[in-house]
Amino acid sequence: MALSDTVKKLGFGFMRLPHIGEENDMEQIKKMVDLFMAKGFTYFDTAYVYDGGKSEEAMREALVKRYPRDSFTVATKLPLWNTGTTFEDFRKLTETSFERLGVDYVDFYLVHNINNEKYKEVNVWEYMRQLKAEGKAKHIGFSFHGTPELLEQVLSEHDEAEFVQLQINYNDWESETIASRRCYEIARKHGKPVVIMEPVKGGALATISDEVAAPFRALDPNASNASYAIRYAASLDGVIAVLSGMSTFEQLQDNVSFMENFKKLDEKEYAAVAEVVKRLSKIETIPCTGCKYCVEGCPMQINIPRVINAYNIYKKYNNLSDAKRQLGFATRDGGKPSDCVGCGACEGVCPQHLPIPEIMQKVTEIFGE
């Protein structure tokens with residue numbers, strides 16, 4: 001049976017689990033896992049780096065300890081950044097993941113986030129082949145956030161990759177940066193089944209405004225925005241699983257309600273999706289091109305393009321929580337928008353002539369950062 005022949009296409013992503021303070025809400029997570037399993041879904045996805053390892057530990061407690069090992073499939077990922085370059089380094093990471101998860105093997109093991117050629121420098125694919133030969137990984141693949149050209153290169157060089165995890169959603173299908181369609185078509189050209197991540201774009205497509213979502217309401221006033229996004233992804237051929245990073249029991253209830261007896265989108269639904277994409281494209285956002293000319297001379301080391309991207313997510317998708325998450329990434333290694341001193345160095349080099357200090361003030365007012 002081909003990897004993509006599974007009937008239940010919804011995957012449970014353990015990336016955005018419910019928390020109580022800084023800790024996982026294990027009682028709610030167990031309740032979510034129980035419903036997911038009861039409805040016949042079996043694919044669970046995590047990674048070494050998610051939540052500092054707490055994601056893998058949560059999967060052990062909520063799933064591995066409570067269900068027979070052959071009743072579910074586990075996917076986790078091997079990071080390549082700041083992790084060393086030898087087989088011994090990789091082995092330590094794998095053993096740590098397996099210990100956290102409480103497993104002797106995983107069903108899907110991925111090289112995490114290939115977006116440059118570092119995979120060549122560290123010879124990670126030889127290690128992945130070895131792990132599969134040992135029976136520690138039933139299937140090996142990789143998650144990908146790079147260009148279509150790089151994806152073509154990786155798949156041409158490494159036929160041992162059995163599947164690829166791609167960021168695919170209806171609003172990024174024709175995106176020049178995410179390039180969902182192009183990457184999907186390259187994977188299929190090479191005969192690789194696909195695991196889909198970010199089908200709801202980090203939750204952004206679940207919170208679009210009522211005006212934007214009107215074509216969906218016209219078809220079915222009771223169907224959630226997320227249902228169209230996830231079903232759009234699941235309607236593609238050659239899909240192993242569509243990962244949903246469900247953060248509440250209610251989100252999981254909604255997801256399994258329309259995926260338990262999954263039906264591909266019909267012509268009217270595809271037309272509604274196209275209209276929603278059109279409406280999203282008309283929402284005015286800050287026209288930052290991400291050239292980064294403004295960053296080098298900033299005395300407060302603010303990653304201005306990423307801050308603007310976080311603002312645009314809020315503006316376009318009406319999603320404050322995901323926008324705050326993106327702002328957290330933007331300020332992790334530099335200044336916050338509120339640190340802006342209004343020196344104007346950024347404005348002098350911006351090809352778009354954006355009023356950047358004013359934008360930083362606006363972001364500060366909205367996000368309180």
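These numbers were taken from a predicted model, which means no experiment stands behind them. FYI, the numbering just counts along the sequence from 1.
Residue pairs that meet the salt bridge (Lys or Arg N to Asp or Glu O under 4.0 Å) test with at least one member in residues 278-305, sequence neighbours left out, are Glu275-Arg279.
Under the 4.0 Å criterion applied to side-chain N and carboxylate O atoms, Lys77 and Glu56 are not assigned as salt-bridge partners. Ion pairing between Asp339 and Lys336 fails under the 4.0 Å rule for side-chain N and carboxylate O. Between Arg91 and Glu134, at least one side-chain N (NZ, or NE/NH1/NH2) sits under 4.0 Å from a carboxylate O, which counts as a salt bridge. Salt bridge absent: Asp25 and Lys30 never bring a charged side-chain N and a carboxylate O closer than 4.0 Å. The pair Glu185-Arg181 meets the salt-bridge criterion, since a charged nitrogen lies less than 4.0 angstrom from a carboxylate oxygen. A salt bridge is absent between Arg182 and Glu174; no separation between the charged side-chain nitrogens and carboxylate oxygens falls under 4.0 Å.
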>> Between His112 and Phe142, is the ring pair (Phe, Tyr, Trp, His ring centres under 6.0 Å) condition met? List the steps.
In response: CA-CA 6 Å; His112 198 171; Phe142 62 101; over 10 Å; no
> Given the rule in the side chain to side chain donor-acceptor pair (under 3.5 Å) test, do Asp51 and His19 qualify, once you have shown the distances and angles that lead to the verdict?
Replying inline: CA-CA 11 Å; Asp51 202 11; His19 280 70; 3.0 Å; yes
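Counted by atom type alone, Thr94 and Tyr127 present one or more donor-acceptor pairs between their side chains at under 3.5 Å. When only modelled atom types and interatomic distance are considered, Thr76 and Thr46 share no side-chain donor-acceptor pair under 3.5 Å. No donor-acceptor contact under 3.5 angstrom links the side chains of Gln253 and Ser257, judged on distance only. Side-chain contact of Glu126 with Asn123: a donor-acceptor pair under 3.5 Å is present, judged by distance alone. Of the N and O atoms on the side chains of Ser180 and Asp172, not one donor lies less than 3.5 Å from an acceptor on the other residue. Side-chain N/O atoms of Asn318 and Thr207 include no donor and acceptor closer than 3.5 Å. Inspection of the Asn319 and Ser321 side chains reveals an N or O donor paired with an N or O acceptor under 3.5 Å. Using modelled atom types, one finds no donor on one side chain facing an acceptor on the other under 3.5 Å when comparing Asn312 with Asn309.
Between the side chain of Lys31 and the main chain of Phe249, no donor-acceptor pair closer than 3.5 Å is present. Panel note: side chain Asn115, backbone Gly146; no donor-acceptor pair is recorded below 3.5 Å.
Under the 4.5 Å side-chain criterion, counting only non-hydrogen atoms from C-beta, Asp45 is in contact with Gln165. Between Val273 and Val276 there is no side-chain heavy-atom pair separated by less than 4.5 Å. Counting only heavy atoms from C-beta outward, the side chains of Ile304 and Met360 approach each other to under 4.5 Å.
For Phe72, the CZ atom sits in a packed shell: over 12 heavy atoms of surrounding residues, nucleotides or ligands are nearer than 6.0 Å. The 12-atom threshold is not exceeded at NZ of Lys268, counting heavy atoms of other residues, nucleotides or ligands nearer than 6.0 Å. The local environment of NZ in Lys54 is crowded, with over 12 non-hydrogen atoms from other residues, nucleotides or ligands closer than 6.0 Å.
Cation-pi check for Lys132 over Tyr109 is not met; the charged atom does not lie both under 6.0 angstrom from the ring centroid and within 45 degrees of its normal. Relative to the six-membered ring of Phe262, Lys9 misses at least one condition, a distance below 6.0 Å or an angle of at most 45° to the axis. Both the sub-6.0 Å distance and the 45° axial angle are not jointly satisfied by Lys136 relative to the ring of Tyr105. At least one test fails for Arg16 against the ring of Tyr50: distance under 6.0 Å to the centre or angle within 45° of the axis.
Annotation for Ala213 and Asn225: closest pair CB-OD1, 3.5 Å, computed over non-hydrogen atoms.
If you look at Phe12 and Phe14, their ring centroids are closer than 6.0 Å. The aromatic ring centres of Phe44 and Phe36 sit less than 6.0 Å apart.
Checking Pro305, Cys350, Pro351, Cys288 one by one against Cys294, the side-chain contact (heavy atoms from CB on, under 4.5 Å) holds for a single residue, Pro305.
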Show every donor-acceptor pair shorter than 3.5 Å between a side-chain atom in residues 232-242 and any protein atom, with sequence neighbours excluded, or say none if there are none.
from   : atom 1 : to     : atom 2 : distance (Å)
Ser235 : OG     : Arg231 : O      : 2.6
Ser235 : OG     : Leu265 : N      : 3.0
Asp237 : OD1    : Lys264 : NZ     : 3.3

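Leu280 and Ile178 fall into different hydrophobic clusters, where Ile, Leu, Val, Met, Phe, Trp and Tyr are joined by side-chain heavy atoms under 4.5 Å apart, directly or via other members.
Residue Tyr293 belongs to a hydrophobic cluster whose other members are Val349, with links defined by side-chain heavy atoms closer than 4.5 Å.
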